[in-house]
Structure formats: C-alpha cells, structure tokens
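Read through the structure below, which is laid out as structure tokens, and then see the notes.
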Amino acid sequence: MKDIKSLKPRRKSRFYQGYMDTTTLKKLFESQKSKQVIFRSSYEHKFIWWLEKSHDVKRWGSESVCIPYYMPNDPNVHHYWPDYIVEMADGQVLLIEVKPYSQTVPPNPVLNDRESHAYKTYVKNYCKWKA
C-alpha cells in the first residue's frame, strides 16, 4: 500500500479531488505555502474553506505531522499523516482527520465479517487514532 504522501489526486476518482491554490490560503502555515495542498474529498475541500473563514482558527497545515502506528498481527510500523493540524485562536492545537461518519463507528458484526472492507477500514482508522 502506498503512503498517503505519495498519493496524488486522480481525474477518474469517484471522489472530488484536487489541489488548492496556496496563494489564496491566508491561514496556511507559512512553511507549507511553497508546497501543494491536496484535498482528497469534497469533505476536505469544504473543511479547508471552513478553516479559512473561521474566526476561531489562527492557522493550519495539511498532512504535516507524521505519527507512527501499528496494526494488529503486523509487526511493521506504519505512518499516519492526519489530514490537518489546526492552531486555534485560543492557542489550542488540534489534529483533525476528515472522514465520513460511517468510517468512524464499528461495523455491524452481524452484517460484516472480519474479512470485510468496512471492518478492515475501521480497524485501520482505530489504530491510527489510538496512536
């Protein structure tokens, strides 16, 4: 599986994807202004505009923090790049992952066995968030 940092937007993706024009992003960390800011879904695109418009947000960065994590039954270290780091106006710093609600709750064990895509996605997300 490819690392998220190497995945670029695809024209034929079923998700709305693309690059943000960093010259229009006023609250983006200065260190990221020379890099491409990618959005991989319409949720992320809307969230970026919310960050830019919110008076509660001082500044933000995209996929700029790397967190090592482990998966069950896999001794290899994996790398998690949360979607956003956000510094709020009150000084609080948040790491934010933008996901549809369906990927944040355990799948129904009656409907999904341990081999299902929904189960594997949930376990992977849980391991990342626990780290």
Side-chain angles (χ1 to χ4, degrees):
M1 177 176 272
K2 290 187 174 186
D3 187 272
I4 192 71
K5 298 300 280 181
S6 66
L7 295 176
K8 304 298 179 200
R10 297 179 320 219
R11 288 181 197 209
K12 294 185 178 183
S13 172
R14 63 185 180 117
F15 301 106
Y16 179 53
Q17 299 181 348
Y19 297 98
M20 298 299 296
D21 178 1
T22 57
T23 62
T24 65
L25 302 174
K26 306 299 181 203
K27 296 182 181 183
L28 184 65
F29 285 123
E30 196 61 39
S31 62
Q32 288 203 290
K33 294 245 180 195
S34 63
K35 300 174 183 171
Q36 292 180 320
V37 173
I38 297 171
F39 60 91
R40 293 184 172 84
S41 69
S42 59
Y43 293 129
E44 289 187 17
H45 189 250
K46 289 175 186 174
F47 186 70
I48 290 171
W49 287 118
W50 178 85
L51 290 169
E52 286 292 308
K53 292 177 183 180
S54 174
H55 297 291
D56 295 326
V57 174
K58 181 177 179 181
R59 58 191 184 145
W60 63 275
S62 173
E63 297 177 346
S64 57
V65 176
C66 181
I67 300 171
Y69 74 98
Y70 295 91
M71 294 284 292
N73 304 318
D74 182 353
N76 298 320
V77 65
H78 299 270
H79 298 96
Y80 169 41
W81 298 84
D83 291 331
Y84 304 98
I85 181 169
V86 180
E87 183 181 348
M88 304 302 286
D90 65 4
Q92 186 179 19
V93 177
L94 307 171
L95 292 176
I96 297 176
E97 181 71 22
V98 176
K99 290 275 186 242
Y101 177 75
S102 63
Q103 292 182 15
T104 66
V105 294
N108 185 332
V110 174
L111 301 176
N112 297 292
D113 63 17
R114 291 186 173 275
E115 299 303 313
S116 75
H117 178 72
Y119 179 81
K120 290 177 182 177
T121 298
Y122 174 76
V123 169
K124 183 175 183 177
N125 286 338
Y126 177 82
C127 291
K128 288 178 181 181
W129 298 333
K130 187 175 174 187

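When reading the values below, keep in mind they use all heavy atoms of this one structure, side chains included, and skip hydrogens, waters and symmetry mates.
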Quick one: closest heavy-atom pair of [X] and [Y], and the distance?
X	Y	result
Gln32	Thr22	O-CG2, 4.5 Å
Ala89	His55	CB-O, 4.0 Å
Ala131	Ile67	CB-CG2, 3.8 Å
Lys99	Thr104	CB-CG2, 4.1 Å
Tyr70	Asn76	CD2-O, 3.4 Å
Arg40	Gln17	O-CG, 3.6 Å

Going hydrophobic residue to hydrophobic residue with side-chain gaps under 4.5 angstrom, can you get from [X] over to [Y]?
X	Y	value
Val93	Leu95	yes
Trp50	Trp60	yes
Val105	Tyr126	no
Val98	Met20	yes

Task: Leu28/Arg59 under side chain to side chain contact (heavy atoms under 4.5 Å, CB included): CA gap, chis, key distance, verdict - done: CA-CA 6 Å; Leu28 184 65; Arg59 58 191 184 145; over 6 Å; no
Open item on the list: For Ala118, is there any backbone N or O sitting under 3.5 Å from a side-chain donor or acceptor partner on Thr121?
Closed with: no
Open item on the list: Keeping Lys27 on the side-chain end and Ser54 on the backbone end, is there a donor-acceptor pair under 3.5 Å?
Closed with: yes
To the nearest 0.5 angstrom, please state how far the [atom1] atom of [X] sits from the [atom2] atom of [Y].
X	Y	atom1	atom2	result
Cys66	Trp81	SG	CH2	4.5 Å
Asp90	Glu87	CG	CD	9.5 Å
Tyr122	Trp129	OH	CH2	8.0 Å
Cys127	His78	SG	NE2	8.5 Å
Lys120	Lys124	NZ	NZ	11.5 Å
Leu51	Leu25	CG	CG	9.5 Å

Open item on the list: Counting neighbours of NZ on Lys33 that are heavy atoms of other residues, nucleotides or ligands and sit closer than 6.0 Å, is the number greater than 12?
Closed with: yes
TODO: Verify the neighbour count for atom NZ of Lys58: are there more than 12 heavy atoms of other residues, nucleotides or ligands below 6.0 Å?
DONE: no
- [ ] Could you tell me how the ring of His45 sits relative to the ring of Phe39: parallel (under 30°), tilted (30 to 60°) or perpendicular (over 60°)?
- [x] tilted
- [ ] Using the side chain to side chain contact (heavy atoms under 4.5 Å, CB included) rule, take Ile96 and Phe47 through it: C-alpha gap first, then chi angles, then the decisive distance, then the call.
- [x] CA-CA 10 Å; Ile96 297 176; Phe47 186 70; 3.7 Å; yes
Open item on the list: For Asp83 and Tyr43: C-alpha separation, side-chain torsions, deciding distance, then whether side chain to side chain contact (heavy atoms under 4.5 Å, CB included) applies.
Closed with: CA-CA 11 Å; Asp83 291 331; Tyr43 293 129; over 6 Å; no
